[in-house]
Amino acid sequence: MICAPTDSKLSIEKSAPGRRGLFCKNPLRAKAKVPANLRRKAAPRLPELAEFDVVRHYTRLSRLNFSVDTHFYPLGSCTMKYNPRFNEEAAGLEGFAALHPLAHDTCSQGTLELLHELGSRLTGLLGMDAITLQPAAGAHSEFTGLLLAKAYFEDKGQKERNEIIVPDSAHGTNPATASMMGFTTVNIASKSDGRLDVEELKKRLGPKTAVLMLTVPNTLGIFESNIEAIAKAVHDAGALLYMDGANLNALIGLVKPGDLGADMMHLNFHKTFSTPHGGGGPGAGAIACRAHLAPFLPVPTVKKEGGRYVSDFGDKRTIGKVKAFFGNTGVLVKAYAYMLAHSAKELGEIAECAILNANYVAAKLKDLYPPYSKEYCMHECVLTPGPDLAAKGIKTLDVAKGLLDRGFHAPTVYFPLIVHEAIMIEPTETESRETLDEFVAAMRDVHAEGSADPQALKDAPVTQPVKRLDEVQAARQPNLRW
Ligand SMILES: *Cc1c(COP(=O)(O)O)cnc(C)c1O
């Protein structure tokens with residue numbers, strides 16, 4: 001599965017003078033007119049390797065990757081699910097991939113139609129009136145949403161609204177976005193059932209409140225079942241309800257956030273809609289909103305006029321652009337292909353499977369790893385190592401490292417911050433029962449090892465290219481070069 005660490009030489013170390021992959025009889029000499037003083041004096045120090053050495057080198061590196069394509073990846077709050085290859089094909093179609101971003105509307109009808117259709121299908125599913133597909137990520141969507149709120153209150157002459165309320169069960173990007181934008185963040189502690197404390201919220205709402213940012217389901221994997229009462233309280237105070245819907249695969253097709261009272265929300269295409277998450281590739285987010293926020297949306301959006309699709313630069317109240325052109329359209333093509341492949345009913349089944357899988361794992365582990373909440377969870381469950389392991393000095397980190405030796409990526413650990421020693425597992429809807437059973441068996445095996453021989457678990461991992469790292473030193477004094 002993973003190569004032995006011994007063949008870990010860099011290509012430059014494998015280099016031998018004169019070794020070549022390709023010989024050209026008449027090499028093309030560059031004739032660029034580079035001024036003499038700018039030309040290099042010595043040849044660049046590049047590895048000299050045979051073609052076969054290069055093939056082996058990169059194949060070996062590729063096998064060091066831990067990915068959804070090779071392993072189960074239960075990283076909570078990240079939705080590391082399998083994404084159908086077909087959607088990559090769709091995004092690669094020449095008409096989409098080779099379209100020049102400055103092409104005139106008349107030459108971009110296909111892409112404009114796709115963006116228009118994707119937007120209107122989504123607003124329908126979400127119970128919203130308007131949408132922008134421009135943001136490049138979830139956090140970027142939050143930034144866009146708060147810009148909308150700012151513009152909205154300025155337009156109403158209510159500049160004094162400079163507070164954003166963020167429950168402690170929110171995703172970390174929520175308070176970060178609010179403070180980055182110069183708002184004052186007001187934190188509210190969750191109740192013991194993991195939900196927002198509505199009475200406390202009512203006390204904190206006031207004439208300075210701009211927005212309540214509510215992560216749904218929250219980072220404890222719990223649905224905010226009081227959301228209608230929350231929305232009413234927020235609206236009675238003249239504020240806006242922002243819903244962080246990054247993890248829409250827990251809700252899609254089952255509930256419409258607009259019906260619940262959200263004024264705006266974001267979603268992550270690189271979680272729910274078929275773009276791989278992680279690895280630094282492009283993502284995309286969207287802000288969907290109700291009609292009262294629509295005039296402030298970024299431009300351009302796409303509208304249909306007499307059978308043609310045209311860029312719409314909106315009215316003067318727009319916040320402007322948040323991303324070049326129409327955003328990361330390749331990601332949006334994948335999302336559209338994904339939506340075409342699933343009816344509204346099937347999208348609901350996706351959410352049901354995501355929820356079922358998380359509850360299955362929680363139920364199979366609850367005797368050894370007590371869940372934070374006694375209730376059913378949504379698409380992810382938050383567990384803890386439990387008193388037996390704690391008595392042996394075993395921490396969540398040890399459990400995570402033990403899983404690596406058993407062929408599983410670690411779940412999210414120590415998040416959400418409000419749960420001591422949290423282990424946050426998101427199986428996603430694409431995993432089979434067999435895989436979940438294997439994962440459960442691995443978790444139980446880790447527990448058995450931790451109980452019988454705690455030191456062995458503290459030494460994990462032992463099968464990986466590197467052993468247990470000194471995480472503090474790795475963070476403070478990273479050694480990132482050869
Ligand atoms: C992933 C996530 C975000 C942030 O999304 P990015 O695309 O990583 O910026 C925000 N909120 C929640 C609930 C998330 O799960």
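First listed ligand is number 1; within each ligand, the first listed atom is number 1. Both backbone and side-chain heavy atoms feed into the values below; hydrogens, waters and symmetry mates do not. By convention here, the first residue in the shown sequence is residue 1.
Here N247 has side-chain heavy atoms under 4.0 Å from ligand 1, and that is the only part of it that gets that close. If you look at S77 next to ligand 1, the close heavy atoms, those under 4.0 Å, come from the backbone and the side chain alike. Residue E142 touches ligand 1 through its side chain alone, judged by heavy-atom distances below 4.0 Å.
Near K271, meaning under 4.0 Å from one of its heavy atoms, ligand 1 places the atoms 1 (C), 2 (C), 3 (C), 14 (C), 15 (O). Those atoms of ligand 1 that come under 4.0 Å of a heavy atom in T215, given as number and element, are 13 (C). Listed by atom number, the atoms of ligand 1 under 4.0 Å from A137 heavy atoms are 7 (O), 9 (O). Listed by number with element, the atoms of ligand 1 under 4.0 angstrom from any heavy atom of D244 are 10 (C), 11 (N), 12 (C), 13 (C).
By heavy-atom distance, the residue among S141, G138, C78 lying nearest atom 6 (P) of ligand 1 is G138.
Between H266 and Y242, the two ring planes are tilted [angle within 30° to 60°].
Here the rule is side-chain contact (heavy atoms from CB on, under 4.5 Å) with L248, and of L126, I350, L347 only L126 fits it.
Other residues, nucleotides and ligands contribute at most 12 non-hydrogen atoms within 6.0 Å of the NZ atom of K304.
For atom 5 (O) of ligand 1, the closest heavy atom belonging to the protein is N268 ND2, 3.1 Å. Protein heavy atom nearest atom 3 (C) of ligand 1, with residue, atom name and distance: H171 CE1, 3.4 Å. Annotation: atom 9 (O) of ligand 1 to nearest protein heavy atom, A139 N, 2.8 Å.
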Under the side-chain contact (heavy atoms from CB on, under 4.5 Å) criterion, do Y369 and I423 qualify, and how do the steps go? CA-CA 9 Å; Y369 299 92; I423 305 175; 4.2 Å; yes
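Between the side chain of K271 and the backbone N or O of S77, at least one donor-acceptor pair lies under 3.5 Å.
Among the atoms of A246, none of the N or O lies under 3.5 angstrom from an N or O of ligand 1.
Here H71 and H409 keep their ring centres 6.0 angstrom or further from each other.
Between E88 and R85 there is no salt bridge, since no side-chain nitrogen of the basic residue lies less than 4.0 Å from a carboxylate oxygen of the acidic one. Using a 4.0 Å cut-off between charged nitrogen and carboxylate oxygen, R290 and D129 count as a salt-bridge pair.
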